[in-house]
Amino acid sequence: MIDFPCKTIRGVFFKDKKVLVRVGFDLPYDLNGDIEDQGAKFRIEAGLKTLNFLLSQGAKVILLNHFGRPGGKRIPYLSNERVAGFLRKFLDYKVIFCPEIIGDTVKEMIDKMQPAEVLFLENLRFLPYEEQNDENFAKSLASLGDVYVDDAFPESYKAVSSNFAIKNFLPSYAGFLFENEYLVLNKVIEQGERPIVLIIGGAKVKEKSAVIKNLLPKIDHILLGGAVANTILHSQGIAIGKSLIDFEAFDRLKDINLTDTKIHLPVDAFITMDKPKKCDICISPIGKTEEDEIIFDIGPETQDLFKKIILNAKTIIWSGPLGKVEVKPFDRGTENILKAIAKSNSFKVAGGGDTVNYIAERNLFNIFNHVSTGGSSMLHFLAGKNLPAIEALTQSQKTFQV
């Protein structure tokens, strides 16, 4: 049995307490700035268990959240007011929006709160101090509450003011979402039923190369596509034309035995011309890609190879589309692999921003046993790296004898 390393809110009483809760409601939005319903619904619903638990006890819940990447500036369409509005659709408690993050206005609104109410503060990233893990900013945040709850697994891979420094000033606990993410991912990699298949695509080659290195001794097959596969192929001197690669990841790839029989690279690909001529889309064997061609998807032979491995799996972990899914018909490879995952009699886990968005757009959450709310956090965890949020939580609970 795998235990969560920190104390959670389970069994703790919060009646009339002002509880600061760091949530991971960084909702997806399209090019027009409109919130994408399915992806947003997934992220909100994932955090409801913790909020309902606290509010049912009569706690005064103050939500800390970031939305998008405003870079320390106030950008109206990235206001948490929109997130608060979306939350109201799913929470049967009063949700009040506060247009500030710290200061007298916030404290006055908190003083007026009733038990079992929510005050949703403005976007933390409207101030530059959040991503600087600033002690003074964290202390100002901490002064707003009596206790702190971390339920933002997506943010756990890096130390920021609202999940790291703040824990120096308040008794701190983990929320249910955070606990569940940790336990599921840990169980999959330490106790998953074999064969275990890891499917890696998309970008973030540096992070995913660390995952491959850490999990290679523990699992049975690694299926590669997208920029990850392109970068590995190029590092081995195989021609991939003008396909997307990550040169900065080359040094990390040197630490991986790329000849290991567990690693499965594409054998063919759907390609297109950099400047389309007679044939806009063709199938090409890997290694035969011309200088002016771009690999945009895994080919039919690769799909067949991957599907056979997937259908024999007992545990599947998927992170990253295997082609340029935003452009048809280069979504076919990923779609066919997803169909094989659906047919597989296995325990299925998916995660990563692009992966979750792909699943959300097609409303295919029911295919998986667990879809992680964390993109980079899941990759850091699978890479065997310590999560700063866990470290800070552990230290806080020692300091305050939680």
For the backbone of [Y] and the side chain of [X], can you confirm whether one donor and one acceptor N or O come within less than 3.5 Å of each other?
X    : Y    : answer
S156 : A152 : no
N32  : D34  : no
N214 : L382 : yes
S172 : V149 : no
D268 : T302 : yes
T315 : G192 : no
D297 : G333 : yes
S396 : P171 : no
D354 : G320 : no
T231 : D246 : yes

Check your understanding: Checking side-chain contact (heavy atoms from CB on, under 4.5 Å) for the pair I316/V349: CA distance, chi angles, key distance, verdict?
Key -> CA-CA 6 Å; I316 295 173; V349 174; over 6 Å; no
Which of Y29, F25, F120 passes ring-ring contact (aromatic ring centres under 6.0 Å, His included) with F67? It is Y29
Test of understanding: with side chain to side chain contact (heavy atoms under 4.5 Å, CB included), list the residues that count as partners of [X], not counting sequence neighbours.
X    : result
L121 : I62, L64, C98, V106, L119, L144
I286 : L233, I238, P266, A269, I295
K324 : F296, E326, V327, F330

Which atom pair, heavy atoms only, marks the closest approach of [X] to [Y]?
X    : Y    : answer
L258 : Q236 : CD1-NE2, 3.1 Å
V267 : E301 : CG2-CB, 3.9 Å
F169 : F400 : C-CZ, 3.5 Å
V205 : A249 : CG1-CB, 3.5 Å
I166 : A142 : CG1-CB, 4.0 Å
P115 : D16  : CG-OD1, 3.4 Å

With under 30° as parallel and over 60° as perpendicular, where do the rings of [X] and [Y] fit, or are they tilted in between?
X    : Y    : value
F153 : F178 : perpendicular
H234 : F250 : tilted
F53  : F14  : perpendicular

Any chance [atom1] of [X] has more than 12 other-residue heavy atoms, nucleotides or ligands included, within less than 6.0 Å?
X    : atom1 : result
R194 : CZ    : yes
K17  : NZ    : no
D92  : CG    : no
R88  : CZ    : yes
K213 : NZ    : no
K262 : NZ    : yes

Pair N168, E135 - check side chain to side chain donor-acceptor pair (under 3.5 Å), show working. CA-CA 9 Å; N168 293 328; E135 286 277 332; 3.1 Å; yes
task: Check salt bridge (charged side-chain N to carboxylate O under 4.0 Å, His left out) between K328 and all other residues, then give those that pass, not counting sequence neighbours.
output: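 With sequence neighbours excluded, K328 shows a salt bridge (charged side-chain N to carboxylate O under 4.0 Å, His left out) to D331, given in chain and number order.
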| For E130, which residues count as a salt bridge (charged side-chain N to carboxylate O under 4.0 Å, His left out) partner, sequence neighbours excluded? |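 With neighbours one apart ignored, the set is R22.
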Between [X] and [Y], is there a side-chain N and carboxylate O pair less than 4.0 Å apart?
X    : Y    : value
R125 : E155 : yes
K60  : E117 : no
E391 : K385 : no

| said: With side chain to side chain donor-acceptor pair (under 3.5 Å) as the criterion, how do H66 and N123 come out once you've worked through the C-alpha distance, each side chain's angles and the decisive distance to 0.1 Å? | reply: CA-CA 5 Å; H66 83 263; N123 191 338; over 6 Å; no
When rounded to the nearest 0.5 Å, the distance separating CG of L305 from CD1 of I309 is 4.5 Å
Show your working on side-chain contact (heavy atoms from CB on, under 4.5 Å) between I189 and I317 and close with a plain yes or no. CA-CA 9 Å; I189 59 178; I317 307 167; 4.3 Å; yes
(message) With side chain to side chain donor-acceptor pair (under 3.5 Å) as the criterion, how do T50 and D151 come out once you've worked through the C-alpha distance, each side chain's angles and the decisive distance to 0.1 Å?
(response) CA-CA 8 Å; T50 291; D151 211 30; 2.9 Å; yes
- Stepwise salt bridge (Lys or Arg N to Asp or Glu O under 4.0 Å) check, K107 with D104: CA-CA 5 Å; K107 291 181 178 179; D104 292 339; 5.5 Å; no
Do [X] and [Y] have side-chain heavy atoms sitting under 4.5 Å apart?
X    : Y    : value
D150 : Y173 : no
I199 : I310 : yes
E293 : T272 : no
E81  : P76  : no
F97  : N80  : yes
Q114 : K94  : no
I337 : I298 : yes
K218 : E190 : yes

| Going through the checks in order, is the side-chain contact (heavy atoms from CB on, under 4.5 Å) test met by I101 and L124? | CA-CA 7 Å; I101 302 166; L124 292 167; 3.8 Å; yes
Y358 six-ring centre to R362 NZ/CZ under 6.0 Å and within 45° of normal | yes
| said: One pair to check against side-chain contact (heavy atoms from CB on, under 4.5 Å): M378 and L185. What are the steps and the verdict? | reply: CA-CA 8 Å; M378 186 184 95; L185 294 176; 3.8 Å; yes
Check your understanding: Please, which pairs that meet side-chain hydrogen bond (donor to acceptor under 3.5 Å, both in side chains) have at least one residue in residues 336-348, sequence neighbours excluded?
Key ->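 Counting only pairs at least two positions apart or across chains, the side-chain hydrogen bond (donor to acceptor under 3.5 Å, both in side chains) contacts touching residues 336-348 are Q303-N336, S344-S346.
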- Query: Without hydrogens or angle criteria, can the side chains of E181 and T373 be said to hold a donor-acceptor pair below 3.5 Å?
  - Reply: yes
